[in-house]
Number of protein chains: 2
Amino acid sequence: MRIGELATRAGVSVRSLRYYEEQGLLISTRSPSGQRHYTDGEVERVQLIQRLYAAGLSSRTIAEVLPCVDSPSERNSDEAFERLVQERDRISRHIDELLRARDALDRVVDVNRAHRAQLTPR
Amino acid sequence: MRIGELATRAGVSVRSLRYYEEQGLLISTRSPSGQRHYTDGEVERVQLIQRLYAAGLSSRTIAEVLPCVDSPSERNSDEAFERLVQERDRISRHIDELLRARDALDRVVDVNRAHRAQLTPR
DNA sequence: CTAAGACCTGACATTGACGTCAGAGGCAAG
DNA sequence: CTTGCCTCTGACGTCAATGTCAGGTCTTAG
């Protein structure tokens, strides 16, 4: 498929796909005229990339860990694997942070609800 | 206390504190010469602000919900309260997203560990 | 009084993942 | 062959929180 279809199916912009390729996250085969072509499998790869971006990984970091995804059967560099584990842990810490933030907001919500119920009984 | 001490105690930069004030998140009393002065209570306010930033709220959004924090006893505008709840839900969705991302990385980690164990037995 | 260090305002710089535009070529349908 | 849509490269724009620098004032220890 060409870039527009991949963009639609993966739910990202064409611009983003070109950017991913520029960052070494995505590879395309080129038609004689230079147009990018992709296989069906790239859809989920793009979705994984999006998920990692959403989890706060940078392009550079994603590029660093993708080898472990692409060829787990080969022994990838220790740095790549270590980075992978490290990012997993960073995400865990981020989740904890978000849970605390949510708790803080929950308390604010509760207090406000209480006052609202009081001010507008029924 | 002056701005430097607040910065140290809250763990942020002086620049950030001035920015928070510019965004209407923080108020300071000024000495005759124009220097900012804060009370001890501002320390936790700054920490809350930091926590909300870390949870992905923008300055504008934080400014929007802070009234509910400052005076839950008054009936704040419905928009403010609604925004509060809305952000809480956004954080919940973000947490779910991070959990999925972590699961994905966990699977990659496991597969890689398996191959590593195999390649370097013991 | 004086020097060091904290503070002031204002302004420009940074970073990263895109948006957007320009100018040119590719491709299928009529 | 033309019309319309997709794609190409390259480049500049954006946004938000913060860093950083300049030039000047304030405060405080000695």
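Sequence lines set the chain letters: A, B, ... in the order given, protein chains first and strands last, and positions in each chain run from 1. Fair warning: this is a prediction, and the values are worked out from it, not measured in the lab.
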Find the distance [X]:[atom1] to [N]:[atom2] and express it as a whole number of Å.
X: B:Arg18; N: C:dA11; atom1: CZ; atom2: P; answer: 15 Å
X: A:His37; N: D:dT7; atom1: NE2; atom2: C1'; answer: 10 Å
X: A:Glu21; N: C:dA17; atom1: CD; atom2: P; answer: 16 Å
X: A:Arg30; N: C:dG25; atom1: CZ; atom2: C1'; answer: 14 Å
X: B:Leu17; N: C:dA6; atom1: CG; atom2: C1'; answer: 14 Å
X: A:Ile62; N: C:dG16; atom1: CD1; atom2: C1'; answer: 12 Å
X: A:Ile3; N: D:dC5; atom1: CD1; atom2: C1'; answer: 15 Å
X: B:Met1; N: C:dC7; atom1: CE; atom2: C1'; answer: 16 Å

Indicate yes or no: does [X] engage [Y] in a salt bridge with an N to O separation below 4.0 Å.
X: A:Glu5; Y: A:Arg2; result: no
X: A:Arg83; Y: A:Glu79; result: no
X: A:Asp78; Y: B:Arg116; result: yes

List in chain and number order the residues that pass salt bridge (Lys or Arg N to Asp or Glu O under 4.0 Å) with B:Arg36, two or more places apart in sequence or in another chain; answer none if no residue qualifies. B:Glu21
Can you check each nucleotide of nucleotides 12-27 of chain D against protein heavy atoms at under 4.0 Å and return B for base, S for sugar-phosphate only, - for none, in 5' to 3' order? -----BBBB-----SS
Does A:Arg36 put a side-chain nitrogen or oxygen below 4.0 Å from OP1 or OP2 of D:dT7? no
Looking at every non-hydrogen atom in both residues, tell me the closest pair between A:Leu26 and A:Arg45 and how far apart they are. CD1-CD, 3.7 Å
Exercise: identify the closest heavy-atom pair between A:Gln23 and A:Ala63: O-CB, 4.1 Å
